**Student:** 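Structure provided below as structure tokens; questions to follow.
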There are 4 protein chains.
Amino acid sequence: MLRKLQISSDWIQASVPPQRRKPQQRRSRETVEAVLDAVVRILKKEGVDAVTTNRVAVVAGVSVGSIYQYFPDKRAIFSALHDRHADAMGRLVESTVVANVSRTLGELVGNLLSGLIDAHSGDQQLYALLMTEVPHGAASAQRLDARLQGAFRLAISSRGRELSRDLDVERCSFVLAHMVESLSHAAALNRPPSLSVAAAKSEALRAVLAYLRS
Amino acid sequence: MLRKLQISSDWIQASVPPQRRKPQQRRSRETVEAVLDAVVRILKKEGVDAVTTNRVAVVAGVSVGSIYQYFPDKRAIFSALHDRHADAMGRLVESTVVANVSRTLGELVGNLLSGLIDAHSGDQQLYALLMTEVPHGAASAQRLDARLQGAFRLAISSRGRELSRDLDVERCSFVLAHMVESLSHAAALNRPPSLSVAAAKSEALRAVLAYLRS
Amino acid sequence: MLRKLQISSDWIQASVPPQRRKPQQRRSRETVEAVLDAVVRILKKEGVDAVTTNRVAVVAGVSVGSIYQYFPDKRAIFSALHDRHADAMGRLVESTVVANVSRTLGELVGNLLSGLIDAHSGDQQLYALLMTEVPHGAASAQRLDARLQGAFRLAISSRGRELSRDLDVERCSFVLAHMVESLSHAAALNRPPSLSVAAAKSEALRAVLAYLRS
Amino acid sequence: MLRKLQISSDWIQASVPPQRRKPQQRRSRETVEAVLDAVVRILKKEGVDAVTTNRVAVVAGVSVGSIYQYFPDKRAIFSALHDRHADAMGRLVESTVVANVSRTLGELVGNLLSGLIDAHSGDQQLYALLMTEVPHGAASAQRLDARLQGAFRLAISSRGRELSRDLDVERCSFVLAHMVESLSHAAALNRPPSLSVAAAKSEALRAVLAYLRS
DNA sequence: CATGAATGAGTGTTCATTCAT
DNA sequence: AATGAATGAACACTCATTCAT
């Protein structure tokens with residue numbers, strides 16, 4: 001949402017007078033996105049080993065040289081891809097928290113689980129690949145963890161009376177964040193065939209609610 | 001030429017008595033272990049990019065050629081490494097389940113969490129690398145998931161009366177397995193600096209117990 | 001062909017009115033000098049491999065495109081650099097010859113050696129690099145040779161009586177030119193540590209004088 | 001097949017004294033020579049720019065990988081080429097000095113000039129390229145200078161009475177070395193068209209003799 | 001004329017894999 | 001079975017050059 005605000009303000013400034021240098025920035029973003037999308041496409045259709053810088057350039061419709069204007073090396077491309085995903089999830093979580101301020105923690109968690117599971121169900125193959133085959137420093141995952149815990153800390157704090165008073169916000173947000181994240185992943189990507197998504201989701205919710213009420 | 005002599009004597013022994021082929025199998029295991037240990041050592045000291053088959057061979061004290069006797073290609077080495085870890089965790093879980101047959105589910109879960117957290121705390125750097133930088137098909141993780149769920153299914157089934165009767169074993173073991181696994185990982189590897197291992201562990205236990213009692 | 005056109009038009013204009021078009025030409029020379037100086041600067045501070053056209057452009061304060069206005073390709077930049085140096089040396093030699101018309105050949109040679117040694121002593125590192133690492137067709141060195149021999153031919157011819165009459169001007173200027181050039185280089189750049197510049201210079205002079213008197 | 005022969009002889013030798021490890025070393029030298037010869041061939045037929053590591057490998061009849069077993073990088077190949085030439089010249093000079101121990105200094109110098117001029121006349125194009133287009137640190141040239149001066153120091157010292165007694169060996173060998181080297185080069189490679197090799201050589205000799213007698 | 005973003009051919013180099021011994 | 005020298009396909013990355021603005 002922070003992003004959204006920035007963009008809108010750009011919009012406003014752009015229509016007045018002293019605009020400058022924005023084209024490059026927009027161009028940059030577009031190229032970066034094109035590159036990351038190309039990586040995704042190749043990843044899904046041809047596998048990790050087919051993701052060579054030259055192939056990415058072709059699929060992205062840019063020249064190899066241009067890729068190196070935006071990424072210092074190949075590894076950085078993968079990092080950016082992970083970051084983009086982590087960012088999207090972070091924003092999803094935060095916007096859900098915001099959208100549920102006036103609802104109970106239970107309702108919030110339900111929506112969170114739904115949102116995350118849906119997000120990952122869209123392209124299970126891709127997310128599985130991202131996690132297993134595409135190398136990535138631990139950094140982006142940790143940043144996401146931090147964001148999740150931050151969101152939960154907020155959600156908990158603003159619901160003081162709903163919960164037992166001697167609850168430790170730090171511990172609680174830690175556990176909540178990891179429960180929600182891993183159960184979402186599991187429900188979307190690692191479900192045993194005998195379990196429907198709906199069943200997995202409702203059971204996950206039961207677990208989180210039980211914890212919140214404990 | 002030393003080599004040649006060894007080979008010939010093997011030849012001779014092989015064609016004589018009852019015992020058979022065990023030496024080779026032991027040799028095999030030893031070589032495989034040596035290779036995997038070498039990978040771990042290089043991984044920690046020099047990073048993923050230094051893990052080349054030739055370097056592995058040197059560090060493991062075998063020839064590159066020998067590596068290809070036991071692994072079809074490089075990727076298989078990484079898979080074996082992941083499998084070895086998954087296997088160790090699987091055995092840890094199963095032995096804990098067995099060792100706690102006469103204890104309550106709560107006690108079992110507590111010991112499970114302790115065991116897993118300790119196992120990962122021993123070499124956090126390594127496990128972080130394994131998960132982020134060392135490529136691995138989803139297979140071994142899924143096999144581990146299945147084993148965990150199997151263990152939990154067993155543990156739950158044999159404790160029917162302790163739990164509410166209308167509990168769905170399938171759903172329950174799914175959630176338990178993922179909660180225990182992810183909270184252990186988180187406690188050992190992704191804990192926020194403000195949280196001690198002990199605190200993380202106890203909170204994780206609280207969460208699992210709350211779920212079990214719900 | 002662009003080049004050719006430019007040259008021809010310069011030719012024509014040059015022979016028609018009194019002054020014209022000088023600003024551009026001055027601009028040109030300035031840019032060319034800026035480029036060559038940039039190359040020298042990079043060469044000394046960062047080594048030959050750092051001399052890329054883009055870097056040269058930045059250091060010279062012009063755009064890459066502009067460089068290509070004055071040089072057909074990268075190699076031409078290096079050639080121009082060598083030519084500039086050869087030209088400076090040629091001019092130094094010729095002006096010394098002129099300045100010593102009324103002196104003996106011995107005095108002339110002494111001043112020649114001094115001048116050349118001093119010229120190269122100023123930036124030994126640079127001249128060493130120019131000769132070893134910066135590629136250059138043999139052309140500019142040969143042009144310089146020719147100029148040196150020409151200067152010596154002149155100097156000898158105008159001093160007929162000072163020398164033995166059956167001296168072969170052609171042979172003599174050939175040997176003189178190469179002796180003076182190589183001994184100057186050696187004295188300035190390849191002197192053994194045990195030899196002072198002064199000693200090297202005086203010994204070089206002795207050698208040339210001995211030859212002249214033979 | 002050459003290999004086979006070598007091996008057999010090693011075999012024989014191996015059973016006699018302690019000698020070892022020669023096969024590798026001979027093989028090494030052969031490969032190194034093949035690579036350097038390939039560079040020379042490409043240099044002459046196709047120019048410096050055609051000297052790529054892959055092309056060298058093909059022409060040398062080895063794999064690129066093998067080149068990197070003997071040379072750390074491309075630049076090292078060029079250095080080795082220069083070193084090989086410098087070494088050959090050094091040996092030529094030294095053997096000439098040895099072969100002329102009982103002759104006068106004048107005769108020695110004459111033979112030295114002849115030898116060096118002939119050596120460079122054999123492949124003028126190549127030597128011109130080596131000096132102008134093939135990058136090379138100053139090191140090998142300096143090593144050669146040192147060797148030449150050493151040879152001259154020796155030659156002078158052992159001819160004390162032939163020369164004026166107050167002669168400074170250090171200065172003298174410095175000048176001699178550079179005179180002989182540069183005049184040989186000039187006679188072989190940079191002679192003006194109006195001068196025959198013989199004329200250039202005789203004039204060079206005159207100059208050196210004049211210096212020696214001064 | 002100047003600019004400098006974009007290009008992409010081409011290079012040095014690595015490293016998984018093989019196979020003669 | 002073991003070895004490790006040799007292989008060469010394949011890759012990441014650079015940088016001389018162009019051309020639309």
Side-chain angles (χ1 to χ4, degrees), chain A residues 23-24 27-28 31 49-58 62-77, chain B residues 1-4 6-8 10-11 14 23-24 27-28 31 49-58 61-77, chain C residues 2 24 27-28 31 49-58 61-77, chain D residues 3-4 7 23-24 27-28 31 49-58 61-77:
Chain A
Q24 268 98 317
R27 191 72 191 281
S28 291
T31 302
D49 292 350
V51 182
T52 68
T53 50
N54 286 284
R55 182 118 190 73
V56 169
V58 170
V62 302
S63 66
V64 227
S66 289
I67 291 185
Y68 283 86
Q69 223 146 28
Y70 300 109
F71 301 94
D73 55 27
K74 192 190 179 185
R75 158 164 280 260
I77 303 177
Chain B
M1 57 197 151
L2 241 170
R3 182 89 56 83
K4 210 150 197 174
Q6 272 182 305
I7 288 175
S8 337
D10 282 355
W11 219 240
Q24 270 99 320
R27 253 323 260 290
S28 292
T31 302
D49 291 351
V51 182
T52 68
T53 51
N54 287 283
R55 182 119 190 71
V56 169
V58 169
V62 304
S63 65
V64 231
S66 290
I67 291 184
Y68 282 84
Q69 202 90 41
Y70 299 109
F71 301 94
D73 55 28
K74 193 191 178 185
R75 158 164 279 264
I77 303 176
Chain C
L2 241 169
Q24 268 99 319
R27 258 311 268 286
S28 293
T31 302
D49 292 352
V51 183
T52 67
T53 50
N54 286 283
R55 182 120 190 72
V56 169
V58 169
V62 303
S63 67
V64 229
S66 289
I67 291 184
Y68 282 84
Q69 201 90 38
Y70 300 108
F71 300 94
D73 56 26
K74 193 192 178 185
R75 159 164 275 265
I77 303 177
Chain D
R3 182 89 57 86
K4 210 148 197 174
I7 288 175
Q24 270 99 318
R27 190 72 192 283
S28 291
T31 303
D49 291 351
V51 182
T52 68
T53 51
N54 285 282
R55 182 117 190 71
V56 169
V58 169
V62 304
S63 64
V64 228
S66 290
I67 290 185
Y68 283 85
Q69 223 146 27
Y70 300 108
F71 300 94
D73 55 26
K74 193 190 179 184
R75 157 165 281 259
I77 303 177

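In the text below, chain A, chain B and the rest are named by the order of the sequence lines, each starting its count at 1. Treat the numbers as computed from the prediction; the structure is a model and nothing was measured. All values below were derived from every heavy atom in this structure, side-chain atoms included, with hydrogens, water molecules and symmetry-related copies excluded.
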**Student:** In whole Å, what is the span from the OH atom of A:Y68 to the C1' atom of F:dT14?
**Tutor:** 9 Å

**Student:** Roughly how many Å is it from CD1 in A:I67 to C1' in F:dC11, rounded to a whole number?
**Tutor:**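 From A:I67 CD1 to F:dC11 C1': 13 Å.
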
**Student:** Side-chain donor-acceptor pairs under 3.5 Å in residues 51-58 of chain C, sequence neighbours left out?
**Tutor:**
| unit_1 | atom_1 | unit_2 | atom_2 | d |
| --- | --- | --- | --- | --- |
| C:T52 | OG1 | C:R55 | N | 3.1 |
| C:R55 | NE | C:E46 | OE1 | 3.0 |
| C:R55 | NE | C:E46 | OE2 | 3.2 |
| C:R55 | NH2 | C:E46 | OE2 | 3.0 |

**Student:** Looking at B:Y70 and B:S28, what are the two nearest heavy atoms and their distance?
**Tutor:** CE2-OG, 3.3 Å

**Student:** Who pairs with D:S63 by side-chain contact (heavy atoms from CB on, under 4.5 Å), at least two apart in sequence or on another chain?
**Tutor:** D:S66

**Student:** Let me know, please, whether A:R75 or D:G61 comes out on the 5' side of the other along DNA chain F by nearest nucleotide.
**Tutor:** D:G61

**Student:** Whole Å only: how far is the CG atom of A:D73 from the C1' atom of F:dA12?
**Tutor:** 9 Å

**Student:** To the nearest angstrom, how far is B:Q69 atom CD from F:dA1 atom C1'?
**Tutor:** 6 Å

**Student:** Can you list the stems that include DNA chain E, where a stem is three or more consecutive Watson-Crick or G-U pairs with distances under 3.5 Å?
**Tutor:** E:2-21 with F:2-21

**Student:** Whole-Å distance between E:dC15 C1' and B:I77 CD1?
**Tutor:**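 In whole Å, E:dC15 C1' lies 12 Å from B:I77 CD1.
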
**Student:** Identify each atom pair where a protein N or O and an N or O of nucleotides 8-11 of chain E are less than 3.5 Å apart, giving names and distance.
**Tutor:**
| unit_1 | atom_1 | unit_2 | atom_2 | d |
| --- | --- | --- | --- | --- |
| E:dG8 | N7 | A:G65 | N | 3.3 |

**Student:** Round to the nearest Å and state the distance from C:R27 atom CZ to E:dA2 atom P.
**Tutor:**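 In whole Å, E:dA2 P and C:R27 CZ are 6 Å from each other.
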
**Student:** Round to a whole Å and report the spacing from OH of D:Y70 to C1' of F:dT7.
**Tutor:**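 So the OH-C1' distance, D:Y70 to F:dT7, works out to 13 Å.
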
**Student:** Kindly compute the distance separating OH (A:Y68) from CG (A:D73), expressed to the nearest 0.5 Å.
**Tutor:** 7.0 Å

**Student:** Could you tell me how far apart C:F71 (CZ) and F:dT18 (C1') are, to the nearest whole angstrom?
**Tutor:** 18 Å

